Amino acid sequence: MTNEGRLKLLKGRSNNTDPLKTASPGQETEEDVVLNISLRPQKFTEFTGQKEIIDNLKICLAAAKERKEPLEHILLSGPPGLGKTSLSHIIAHEMGTKITATSGPAIERAGDLIGILTNLEKGDILFIDEIHRLSKVVEEFLYPAMEGFQIDFVIDKGQFARTIKFNLKPFTLIGATTRTGLLAAPLRARFGIFHHLDFYKIEDLAVIIKHSAKILGVEIDNEAADEVARRSRGTPRIANRLLRRIRDYAQVKKIGKINLTVASETLDELGIDKAGLDDIDRRVLKTILQNYSGGPVGVESLAATLNEETDTIVDTVEPFLLKAGYIKRTSRGRLATKLSFEHFGLKYNKEKQEELFEK
Ligand code: ADP
């Protein structure tokens, strides 16, 4: 897809009111679209980490190739910036097929899909990002397309309305979602392969950072790469974004090779703390700790207090805070853990929390 096309798609996405805002961790910005394209891995060998998923996909791909059949439909889930789009492009590349990419919010009417579906050749891949945001009507239109490679056209109106069936060439749908929970059960049931991408290990992120540095034509030492990796919220997109900022800083300061000092200084300046939490992470935690005495607090109330979209908190902020152990999800809402209290130098004492905050 062209950059122009990706920018258009991006504008149709959620949580992107300010396209250059980096406050929503992991979300794609316009800068990512324009500059990141060369950093996107093209082959399995360039895709670092997520070993189990890659091994499993390789087997599925090899088997499908051997049978000369298209791949089953694939559902990729996980927080933004972990490689769902990249993986879809890699799958197309490895299968030697064409990929057409779109997103849930970009498909407004079932009619928008007809052109896309009828243009697919056997084995082609249709990638739908944010598939949980498809409208009900579009979703239902997709069912027969996914299942029997058929779509129903309705022609004429009122008493003259007729439905004609149109056969499609067998294709593979790859859906990406940050929230499988929001996917309707009948849609989920039509996928044959499911993979959930988890946050990356620091070692894997360091490899990605060093590889990206090479592509960007900048030198970085191991210590610096590890530091950026530690402070990237387990997310390759964030790692690449931070690397670009550090590169700018090094360039302006006329520093030839990025070392630990340059990396740390830039990260501090960007408001990324030693634990890798950024401004919005800290605002979320502080709100739970201070306004709600450590919780539990419902995500809606939390979002309202922060003046943020609930989706931003749920899709981009909370997953990492949960994974890293700063918050817990309980039936009564989000609860700050001991780690959160300690991060802000507060004494963890569940009973005395309110007293502590009054001081
Ligand atoms: P998602 O679709 O999950 O939001 P993307 O596939 O768009 O994430 O990934 C964002 C960027 O992060 C990519 O352009 C690429 O630069 C980088 N990236 C993601 N996963 C990997 C990986 N496993 N190895 C190397 N780079 C990666």
Side-chain angles (χ1 to χ4, degrees), residues 1 3 5-7 9-10 12-16 19 22 24-58 74-94 99 101-106 125 127-133 174-180 194-216 225 228-229 232-245 247 311-312 315-317 319-320:
M1 193 181 6
N3 273 2
R6 294 182 67 220
L7 283 173
L9 269 184
L10 179 63
R13 280 183 174 187
S14 56
N15 309 330
N16 270 302
T22 51
S24 293
Q27 284 275 322
E28 197 169 35
T29 62
E30 282 190 23
E31 187 201 28
D32 288 326
V33 173
V34 176
L35 297 177
N36 222 17
I37 196 112
S38 60
L39 301 183
R40 198 181 275 292
Q42 312 287 329
K43 299 181 227 148
F44 277 136
T45 48
E46 294 170 7
F47 192 91
T48 308
Q50 311 284 353
K51 192 175 173 308
E52 270 177 38
I53 298 181
I54 301 299
D55 288 349
N56 191 292
L57 280 174
K58 278 183 181 165
I74 305 173
L75 185 65
L76 300 175
S77 62
L82 295 194
K84 299 181 293 297
T85 311
S86 305
L87 212 44
S88 310
H89 283 264
I90 292 173
I91 292 170
H93 177 88
E94 302 276 345
I99 179 164
T102 182
S103 80
I125 287 175
F127 173 67
I128 307 185
D129 200 5
E130 294 198 75
I131 194 160
H132 60 275
R133 297 187 67 215
I174 304 185
T177 179
T178 45
R179 275 197 270 172
T180 24
F194 300 83
H195 287 296
H196 179 77
L197 278 76
D198 210 341
F199 292 106
Y200 286 64
K201 293 196 208 106
I202 293 175
E203 308 90 86
D204 290 336
L205 286 172
V207 171
I208 294 174
I209 291 163
K210 284 186 262 187
H211 181 72
S212 298
K214 255 192 214 138
I215 299 174
L216 293 172
V228 183
S232 296
R233 301 177 96 255
T235 309
R237 178 179 292 137
I238 297 181
N240 283 337
R241 192 185 293 160
L242 295 176
L243 176 67
R244 290 196 304 264
R245 292 289 77 81
R247 174 182 68 156
D311 281 356
T312 307
D315 290 343
T316 71
V317 183
F320 181 73

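No experiment lies behind these values; they were computed from the predicted model shown. Because only heavy atoms are used, hydrogens play no part in the values below, and waters and symmetry mates are left out as well, while side chains stay in. When a ligand or atom number is given, it counts from 1 through the structure's own listing order.
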Undergrad: Ignoring hydrogens, just give me the one of Ile209, Ile208, Asn240 whose non-hydrogen atom is nearest atom 22 (C) of ligand 1.
TA: Ile208
Undergrad: Check Arg179 with Asp311, please: is the shortest side-chain N to carboxylate O separation under 4.0 Å?
TA: yes
Undergrad: Report the C-alpha distance between Asn56 and His195 in whole Å, list the side-chain angles of each, state the deciding distance to 0.1 Å, and finish with yes or no for side chain to side chain contact (heavy atoms under 4.5 Å, CB included).
TA: CA-CA 9 Å; Asn56 191 292; His195 287 296; 3.5 Å; yes
Undergrad: Between Ser86 and ligand 1, which residue portion shows a heavy-atom distance shorter than 4.0 Å: side chain, backbone, both, or neither?
TA: both
Undergrad: Phe47 to ligand 1: N or O pair under 3.5 Å?
TA: no
Undergrad: Taking distance alone, with no angle check, do Pro80 and ligand 1 share an N/O pair under 3.5 Å?
TA: no
Undergrad: Short list, please: which atoms of ligand 1 are under 4.0 Å from a heavy atom of Pro236?
TA: 12 (O), 17 (C), 18 (N), 19 (C), 20 (N), 21 (C), 27 (C)
Undergrad: Could you tell me whether the side chain of Glu94 and the main chain of Ile90 form a donor-acceptor pair under 3.5 Å?
TA: no
Undergrad: Purely on distance, is any nitrogen or oxygen of Leu82 under 3.5 Å from one on ligand 1?
TA: yes
Undergrad: Within the 4.5 Å heavy-atom criterion, are Phe320 and Thr235 side-chain neighbours or not?
TA: no
Undergrad: Write down the atom of Ser232, the atom of Leu242, and the distance for their closest heavy-atom approach.
TA: OG-CD1, 3.8 Å
Undergrad: Side chain, backbone, both or neither: which part of Thr85 has a heavy atom under 4.0 Å from ligand 1?
TA: both
Undergrad: Would you check, one step at a time, whether the test side chain to side chain contact (heavy atoms under 4.5 Å, CB included) holds for Thr85 with Leu76?
TA: CA-CA 9 Å; Thr85 311; Leu76 300 175; over 6 Å; no
Undergrad: Pick one of side chain, backbone, both or neither for how Leu39 approaches ligand 1, counting any non-hydrogen atom pair under 4.0 Å.
TA: both
Undergrad: Using modelled atom types only, decide if a donor and an acceptor are shared between the side chain of Lys84 and the backbone of Leu75 within a distance under 3.5 Å.
TA: no
Undergrad: Looking at ligand 1, does Gly49 have a heavy atom less than 4.0 Å from it?
TA: no
Undergrad: Check for me whether Ala176 has a heavy atom closer than 4.0 Å to any atom of ligand 1.
TA: no
